[in-house]
Amino acid sequence: PVTERSTAVDVQFQPLTPDRWRDFETLFGPSGAYGGCWCMWPRLRRKEFDRNSGKQNRQAMKEAVDSGEEPGLLAYSGGEPVGWVALAPRERYAHLEHSRSLKRVDDQPVWSIVCFVVDKRARGQGMMAKLLSAAIQYARERGARIVEGYPAEPQGKLSGYAGYTGIVSTFRKAGFVDVARRSERQPIMRYYSGGSSQA
């Protein structure tokens, strides 16, 4: 008999390493996902990002990966890359470190989850929640006690790349709690590995 499992998408997660660079390029497409971003937006200060072209962003990300950094996780379904989540210790993200609305809440060491990309074919299947769960596990395996996110609170239906920082409801379901809200539509949320009692 056909089981429910046949309808569920079997997804594997792998860190982005030099041997998976082509999969990253495939997922991001010729325009580098969000208008030539190549997931460099959170890693740079705004002025620096505005000066860069998509080609420069792609090169900068490739150099980071080639240097041994694992800037995020790729999701695979049927051997094809279908999703991406960017995460790292917060200090890697110049954009966050210099942001008014997303400035540090305290001096605790945190890992930040900053970006999601989901392939059109994999949307509407809970892929963001799966990526978020994999990211939490990856950060915890590397010693993170607090994982931070900056999801959006969308008004109405999302389309295209809207909600690339994540969606508040998805983060709440994963166990994140609000710790600061300096902007109406983008709280700072945290996941505590020992539970949310510290919030």
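Heavy atoms only: backbone and side chains are in, while hydrogens, waters and symmetry mates are out.
Although no hydrogens or angles enter the test, the distance criterion places a donor-acceptor pair under 3.5 Å between the side chain of Y93 and the main chain of A88. With R181 contributing its side chain and I188 its backbone, the two residues share no donor-acceptor pair below 3.5 Å. With hydrogens and angles disregarded, a donor-acceptor distance shorter than 3.5 Å links the side chain of R142 to the backbone of Y138. Side chain of R58 to main chain of S31: no donor-acceptor pair is present (N/O by atom type, distance under 3.5 Å, no hydrogens or angles). Between the side chain of D178 and the main chain of A180, no donor-acceptor pair closer than 3.5 Å is present. When atom types are taken as modelled, the side chain of S133 and the backbone of K130 share no donor-acceptor pair closer than 3.5 angstrom.
If you look at F28 and W38, their ring centroids are closer than 6.0 Å.
With a 6.0 Å cutoff to the six-membered ring centre and a 45° limit on the axis angle, R20 does not count as a cation-pi contact of F24.
Residues passing the ring-ring contact (aromatic ring centres under 6.0 Å, His included) test with F176, sequence neighbours excluded: F171, Y191. Residues satisfying the side-chain contact (heavy atoms from CB on, under 4.5 Å) criterion with S183, sequence neighbours excluded, are S101, Q186. Taking R121 as the reference, D119 meet the side-chain contact (heavy atoms from CB on, under 4.5 Å) condition, with sequence neighbours excluded.
Shown here is E184, whose CD atom has no more than 12 heavy atoms of other residues, nucleotides or ligands within 6.0 Å. Atom CZ of R46 has 12 or fewer heavy atoms from other residues, nucleotides or ligands within 6.0 Å.
How far NZ of K47 is from CG of N52: 14.5 Å, rounded to the nearest 0.5 Å. Atoms CD1 and CD1, on I136 and I113 in that order, are 5.5 Å from each other to the nearest 0.5 Å. Here the OH atom belonging to Y150 is positioned 10.5 Å from the OG1 atom belonging to T165, to the nearest 0.5 angstrom.
Using modelled atom types and a 3.5 Å distance limit, the side chains of D10 and Q12 yield a donor-acceptor pair.
No side-chain heavy atom of C115 sits less than 4.5 Å from a side-chain heavy atom of W41. Residues V118 and W84 fail the side-chain proximity criterion, which asks for heavy atoms closer than 4.5 Å. Contact check for R45 versus H95: no side-chain heavy atoms found under the 4.5 Å cut-off.
Between R190 and E148 a salt bridge is recorded (basic side-chain N to carboxylate O distance below 4.0 Å).
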